[in-house]
Amino acid sequence: GPLNPTPRPTKLAVYHFGWIRPAWDGQPPKQGIQDSMEQDRPDAYAPGAIEKKWQKTWEDLGTNRFAPESLRNARKPFYNLMMFPYPSAEGLHVGNIYAFAGADVHGRYQRLTGKEVFEPIGFDAFGIHSENFALKQGVNPMDLTPRNVANFTRQLRRIGGMFDWDHTVNTSDPAYYRWTQWIFVQLFRAGLAERKEAPVNWCPSCMTVLANEQVIGGLCERCETPVEQRHIAQWFFRITDFTQRLLDNLKTLDWSDTTLKAQENWIGRSEGATLTFPVLPAVEGAPGGGAGEAVESPHDGPLISVFTTRPDTVFGATYMVLAPEHPLVGAITTPDRRNEVEVYMQEAAKLDLVARQKVDKTKTGVFTGAMCLNPATGEPIPVWIADYVLIEYGTGAIMAVPGHDQRDFEFAEVFGLPIPRVVAGPEEGADTPLEEAYLGDGTLVNSGRFDGLPWRDGARAIVEWLEEKGLAEAKVNYRLHDWCISRQRYWGPPIPIIHCETCGPVPVPEEKLPVLLPRVEDFKPDDSGVSPLARVEEWYKTDCPECGGEARRETDVSDTFLDSSWYFLRYPSTDRDDVPMDTEITERWLPVDCYIGGEEHAVLHLLYARFITMALKDMGHVNFEEPFTKFRKHGLIIREGAKMSKSKGNVIVPDPIIEEFGADTFRVYLMFLGPFPEGGDYRDEGIQGPYGFLHRLFDTVVSAVASPEGDGPPDPQVEQKLHKTIKQVSEQVPNLQYNTAIAAMMEYLNAVRAGGRQAARAEVEHLVPLIAPFAPHIAEELWERLGNDRSVFEGSNWPAFDPEKVAEETVRIAVQVNGKLRGTVEAPAGTSQEEAEALARDQENVTRHLEGLTVRRVVFVPNRLLNFVVG
RNA sequence: GCCGGGGUGGUGGAACAGGCAGACACAGGGGACUUAAAAUCCCCCGGGAGCAAUCCCUUGCGGGUUCGAGUCCCGCCCCCGGCACCA
């Protein structure tokens with residue numbers, strides 16, 4: 001250690017495996033507070049010095065770095081991925097460290113079991129977040145980002161993760177976004193990227209378009225400003241072409257259940273039918289229509305088609321509703337209603353999404369004057385427009401069944417429309433009045449020849465019946481929309497398209513990539529609906545790659561989520577600048593073996609990454625379609641009852657804590673707070689526990705090495721406990737049950753030191769690799785002091801337990817009388833019921849409770865419990 | 001409203017597959033060592049009764065199944081996260 005300085009090692013060109021004894025240059029590092037208190041004790045735990053020493057050793061020897069050849073030839077590859085951070089100006093926060101430490105524990109564990117673990121980290125540096133911060137500070141993001149990245153890198157090294165710094169990515173680096181643009185071009189060529197004018201979510205504060213996924217309850221997810229609707233030409237990725245595959249593949253993934261469920265809900269599959277309602281010609285006076293007879297043939301007027309999940313209720317459809325934006329509104333509105341309809345449409349357009357989507361808002365709407373034929377009843381029904389019908393879902397129009405849809409019920413009540421019953425519950429008849437929409441199970445009533453059918457069968461029969469007339473079609477609808485990737489901002493990869501008046505949108509040829517983002521001092525977005533790049537004429541003026549004529553570059557940049565949708569594909573191939581992915585290396589290392597990240601990305605990032613991977617598979621660029629074999633979410637760190645945030649003032653800055661206690665202690669503490677997948681409650685004093693534990697561990701191992709008694713045999717009971725501990729930790733660590741694994745090691749160390757006894761080396765040496773994933777520096781130091789000349793992480797140092805030693809020799813059997821504990825007996829394992837009963841009856845407290853009572857039954861669970869049932 | 005997850009000491013949290021509730025740790029109290037501190041070590045630590053042995057109560061609430069329920073079933077209450085006029 002620092003006390004035995006050895007010559008400075010020469011940097012060895014040996015990567016990853018096969019390095020020789022680590023050495024250190026002997027310069028005493030700057031000491032933390034705890035270190036300085038220990039400076040007069042030669043064998044005291046000095047985390048600051050130990051951590052400096054080992055970080056330098058790992059760095060000098062390239063312990064965690066892969067040479068391209070090592071990547072190519074790996075025999076037991078394990079790709080351990082964690083979600084890369086956005087490099088904020090504030091630096092790493094505790095939440096980042098929690099996530100990275102937890103993922104690093106997993107990677108280090110895998111490595112201790114002999115896997116070759118690739119654990120990269122990078123920076124999600126493009127995006128509105130960085131840009132807004134740069135604007136606020138009046139700095140150019142091109143200057144700010146490298147500073148933040150440098151600071152993050154320093155902090156990341158300090159926490160002792162086994163990151164491969166030779167394979168890092170920065171999404172704002174042209175060497176990276178060149179390939180992000182390449183992906184855009186591939187999608188364009190495959191017909192998966194298209195430009196269309198569409199109503200989009202516009203954040204008036206961020207002054208850009210947001211994807212649906214970035215609108216939370218009608219508010220911008222970033223600044224919580226109410227989102228407006230705008231119509232702009234945008235680039236969309238056709239993720240909806242993959243909907244069913246994205247849904248079906250979920251079954252094949254080893255992911256957290258909650259994450260799978262979130263994806264499933266987001267995709268939002270609904271089964272139902274599209275039904276067609278013919279609009280009746282506007283006739284003066286009474287609207288026609290032969291009552292009682294179903295429509296027999298399609299007619300030549302406009303048709304309104306609706307999507308419904310309840311075609312069985314079509315007999316109860318007493319009116320129709322179109323979304324105010326529905327294209328047919330203008331065509332069908334009768335002249336006398338035109339003014340009122342116009343006014344309503346304008347009102348609806350003005351409302352922002354929050355106001356419009358208020359569920360408890362009183363229903364509003366207006367009659368268009370048009371009538372439709374209900375295809376089932378043949379009755380004319382009025383067509384309304386109302387803002388509770390959304391243009392973006394289904395067909396933008398509904399058949400309203402007030403008896404069996406609560407929203408329709410409320411609307412019908414406001415406007416005095418009829419509310420017939422067409423489904424009757426078990427206790428109900430055809431005429432049972434409706435107090436509210438009836439949504440339960442039941443059979444059809446008031447539905448002509450379908451009366452009496454259970455509603456599911458009725459639905460099928462009615463669709464078949466209407467299908468024959470060409471008025472219905474079974475249909476599956478999804479909630480998922482195409483992914484709008486255009487952003488009218490500066491800090492992102494320019495979309496690699498050139499607009500030519502004669503050729504239309506032309507992709508920038510692959511060999512001309514990247515389209516460099518120019519340095520622009522005035523990058524403030526404005527309300528114009530176009531990117532600040534549209535103000536840089538010398539940049540956007542260009543020639544058409546096809547006809548050579550004058551053309552204009554696309555001035556929008558792409559969504560940050562596109563940057564992060566493929567970064568894991570790039571990491572192993574960063575040695576190649578001629579291709580996005582090295583085929584051989586990609587086949588060897590992907591898909592990712594284990595991905596650990598926050599649940600906040602359960603739908604956005606994970607869905608986009610799956611989509612991009614699927615698209616690349618179809619185009620032949622990769623040979624798998626699901627990028628993450630296994631995904632585990634980590635929890636959140638709570639402090640003072642809330643998620644850490646600057647506004648709540650409950651943020652913990654990690655650097656001073658690492659300075660005072662060391663990264664090892666901090667890591668162990670974070671992992672000990674609570675179950676990793678659930679998170680935990682950060683309490684400042686709590687770090688004392690893990691600190692004391694590592695301290696005792698250090699003292700115990702050092703004294704076992706130094707003292708002559710340390711060479712003696714292990715105490716049999718301690719040894720038994722050791723094997724049980726190895727078993728427990730080996731089962732829990734791979735399942736991310738870190739808190740209980742640490743507790744087990746603490747318990748074991750307490751047993752080793754019980755009564756202040758001298759520990760034997762044989763009792764503690766296996767503890768070192770067990771703690772190594774959590775506290776890698778102290779583990780290396782102790783491993784060295786135990787006389788090993790190679791890293792504890794080299795080879796397969798994870799200890800095995802001896803099943804015979806795990807088996808109990810004596811057991812404690814609980815003795816109950818009528819289920820209440822009245823004593824325990826110690827007996828050899830495997831003691832029979834008769835023997836156990838005899839032992840139990842020897843106990844005074846047991847006999848006292850049996851006295852004068854008849855034992856009716858005895859329940860015996862071998863090695864665990866004996867229960868006398870008396871009465 | 002719908003879909004997840006949860007409710008256990010002063011606190012964070014343990015508890016295999018229905019079998020000794022409260023592991024491990026923090027905070028608190030007492031002690032050893034020390035001029036003093038740090039570090040380390042030992043003891044106590046859910047509530048109530050009792051000198052004690054011991055007994056009673058206790059896992060959000062109310063029922064149930066069982067020899068036995070924190071764990072399973074039924075009905076509630078509350079908290080957290082996600083989705084939400086999605087037809």
Side-chain angles (χ1 to χ4, degrees), chain A residues 33-34 37-38 41 44-45 216-218 256-262 264-266 268 270 272 306-310 313 321 356-361 363 386-390 392-401 404-408 410-411 439 477-479 599-600 602-603 635-636 638 669 672-675 677-678 680-693 695-696 699 728 731 739-747 750 753-756 812-824 844-845 848 856-859 861 863-871:
Chain A
I33 294 168
Q34 299 283 354
M37 293 189 301
E38 300 293 356
R41 294 188 47 200
Y45 176 41
I216 310 295
S256 322
D257 282 347
T258 52
T259 314
L260 291 173
K261 202 79 199 164
E264 197 184 311
N265 290 344
W266 191 263
S270 314
V306 301
F307 174 72
T308 176
T309 53
R310 295 292 303 272
T313 62
V321 186
R356 180 160 167 183
Q357 291 183 358
K358 265 259 155 58
V359 179
D360 49 1
K361 193 185 80 163
K363 296 283 182 289
D387 66 3
Y388 81 93
V389 173
L390 308 174
E392 64 267 20
Y393 185 76
T395 62
I398 61 157
M399 66 173 195
V401 183
H404 304 283
D405 181 289
Q406 190 56 29
R407 297 155 299 186
D408 298 344
E410 286 162 18
F411 187 88
L439 308 172
N477 227 328
Y478 300 92
R479 219 191 74 117
E599 256 235 309
E600 67 274 20
V603 283
L636 285 179
I638 300 297
Y669 176 51
F672 184 62
L673 281 178
E678 260 98 78
D681 211 332
Y682 189 98
R683 274 152 55 258
D684 300 6
E685 321 82 59
I687 199 164
Q688 290 300 337
Y691 182 73
F693 166 61
H695 214 291
R696 283 192 297 280
D699 290 349
Q728 188 182 344
E731 283 163 2
N739 57 333
T740 46
I742 292 167
M745 290 185 271
M746 287 174 165
E747 200 178 334
N750 290 345
R753 306 204 20 146
R812 270 176 54 164
I813 298 171
V815 182
Q816 298 180 336
V817 177
N818 277 352
K820 284 200 194 271
L821 184 72
R822 298 301 176 191
T824 57
E844 191 255 322
N845 200 42
R848 201 154 50 82
R856 298 189 190 282
R857 202 179 139 193
V858 179
V859 180
V861 182
N863 298 335
R864 295 194 82 93
L865 171 128
L866 185 68
N867 186 13
F868 294 98
V869 185
V870 298

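Quick caveat: nothing in here was measured; it's all calculated off a predicted structure. Within every chain, numbering begins at 1; the chains are lettered A, B, ... in the order of the sequence lines, protein sequences first and strands thereafter.
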Distance between the C1' atoms of rA15(B) and rG64(B), in whole angstroms? 24 Å

rG63(B): syn or anti, per glycosidic angle within 90° of 0: anti

Mark yes or no for whether D681(A), through its side chain, and L673(A), through its backbone, hold a donor-acceptor pair below 3.5 Å. no

Applying side chain to side chain donor-acceptor pair (under 3.5 Å) to Y388(A) and D408(A), what does each step give before you reach the verdict? CA-CA 9 Å; Y388(A) 81 93; D408(A) 298 344; 2.7 Å; yes

Which nucleotide in rC67(B), rC3(B), rC56(B) has an atom nearest any side-chain atom of K820(A): rC56(B)

Can you find a pair of side-chain heavy atoms, one from E264(A) and one from L260(A), that are under 4.5 Å apart? no

Can you say whether a donor on the side chain of R812(A) sits under 3.5 Å from an acceptor on the base of rC20(B), or the other way round? yes

Reckon N845(A) touches a base, only the sugar-phosphate, or nothing at all at heavy-atom distances under 4.0 Å? sugar-phosphate

For atom CD of Q728(A) and atom P of rC24(B), their distance in whole Å: 12 Å

Closest of rC41(B), rA23(B), rC67(B) to the R696(A) side chain is rC41(B)

At less than 4.0 Å, is any side-chain N or O atom of R753(A) found next to OP1 or OP2 of rC41(B)? Yes or no. yes

Using the P atom as the reference point in each nucleotide, state the distance between rC41(B) and rA25(B) in Å, no decimals. 11 Å

State which of rC55(B), rA87(B), rC20(B) makes the closest approach to the side chain of R848(A). rC55(B)

Exercise: identify the closest heavy-atom pair between A814(A) and L821(A): CB-CD1, 3.8 Å

Measure CZ/F693(A) against P/rC26(B) and give the value in whole Å, please. 12 Å

Side chain of N845(A), backbone of R822(A): donor and acceptor closer than 3.5 Å? yes

Quick one: label F672(A) by what it contacts on the DNA or RNA (base, sugar-phosphate, nothing), any heavy atom closer than 4.0 Å. base

For rC26(B), take OP1 and OP2 only and decide whether either is under 4.0 Å from a side-chain N or O of R683(A). no

Could you measure between the two P atoms, the one in rC73(B) and the one in rG5(B), and give it in whole Å? 13 Å

To the nearest angstrom, how far is N265(A) atom CG from rC83(B) atom P? 10 Å

Nearest-Å distance, CD (Q688(A)) to C1' (rU40(B))? 13 Å

Check whether any side-chain heavy atom of M746(A) lies under 4.5 Å from a side-chain heavy atom of F672(A), and answer yes or no. yes

Touch class at under 4.0 angstrom, heavy-atom based, for G692(A) against every strand present: sugar-phosphate

Tell me the interatomic distance from N863(A), atom CG, to rC16(B), atom C1', rounded to whole angstroms. 14 Å

Looking only at the side chain of M746(A) (C-beta and beyond, no hydrogens), which of the listed nucleotides rC67(B), rU11(B), rC24(B) gets closest? rC24(B)

To the side chain of P675(A), which of rC24(B), rC55(B), rG13(B) is closest? rG13(B)

Considering residues at least two apart in sequence or located in another chain, which fulfil the ring-ring contact (aromatic ring centres under 6.0 Å, His included) criterion with Y682(A)? Y669(A)

Heavy-atom distance under 4.5 Å between the side chains of S270(A) and Y478(A), does that happen here? no

Evaluate the side-chain proximity of V858(A) to L866(A): yes if any heavy-atom separation is below 4.5 Å, no if none is. yes

Please report the distance separating the C1' of rG19(B) from the corresponding atom of rA69(B), rounded so that it comes out in whole Å. 10 Å

Would you say a side-chain N or O of R857(A) is under 4.0 Å from OP1 or OP2 of rG68(B)? no

Nearest to the side chain of N739(A), heavy atoms from C-beta on, is which of rC67(B), rC3(B), rA14(B)? rA14(B)

Between rA14(B) and rG4(B), how far is it from one C1' atom to the other, in whole Å? 24 Å

Check the distance between rA25(B)'s C1' and M745(A)'s CE and give it to me in whole angstrom. 14 Å

Considering only atom P, compute the distance from rA39(B) to rG28(B) and round it to an integer number of Å. 12 Å

At under 4.0 Å between heavy atoms, what does Q816(A) touch on the DNA or RNA strands: base, sugar-phosphate, or nothing? base

For Q728(A), all residues meeting side chain to side chain contact (heavy atoms under 4.5 Å, CB included), sequence neighbours excluded: Q732(A), A744(A)

Quick check on rA87(B): is either OP1 or OP2 less than 4.0 Å from any side-chain nitrogen or oxygen of S270(A)? yes

Judged by each residue's nearest nucleotide on RNA chain B, which is more toward the 5′ side, I742(A) or L821(A)? L821(A)

So which heavy atom on R407(A) is nearest to which on K363(A), and how close? O-CE, 3.6 Å

In whole angstroms, how far is the P atom of rG12(B) from the CG atom of D681(A)? 6 Å

Proximal nucleotide (of rA25(B), rC86(B), rC20(B)) relative to the A814(A) side chain: rC20(B)

Nearest whole Å is fine: how far is rC85(B) C1' from D405(A) CG? 9 Å

Shortest side-chain distance from R479(A), nucleotide among rA84(B), rA23(B), rA87(B): rA84(B)

In whole angstrom, give me the gap between the C1' atoms of rG75(B) and rC80(B). 23 Å

Which part of the nucleic acid does I398(A) contact within heavy-atom distance under 4.0 Å: base, sugar-phosphate only, or nothing? base

Counting Watson-Crick and G-U wobble pairs whose two distances are both under 3.5 Å, find the runs of 3 or more in a row that involve RNA chain B. B:1-7 with B:77-83, B:10-12 with B:24-26, B:28-32 with B:40-44, B:46-49 with B:54-57, B:60-64 with B:72-76

Report which part of the nucleic acid N750(A) touches: base, sugar-phosphate, or nothing (heavy-atom distance under 4.0 Å, all strands). sugar-phosphate

Taking atom P in both rC26(B) and rG1(B), compute the distance separating them and give it to the nearest angstrom. 44 Å

Go nucleotide by nucleotide along RNA chain B from the 5' end; which of A754(A) and G394(A) gets its closest nucleotide reached first? A754(A)

Among the nucleotides rA87(B), rC41(B), rG4(B), whichever has the atom closest to the side chain of T309(A) is rA87(B)

Would you mind telling me which of rA23(B), rU40(B), rA87(B) lies closest to the side-chain atoms of H695(A)? rU40(B)

Is the shortest side-chain N/O distance from R822(A) to OP1 or OP2 of rC67(B) below 4.0 Å? no

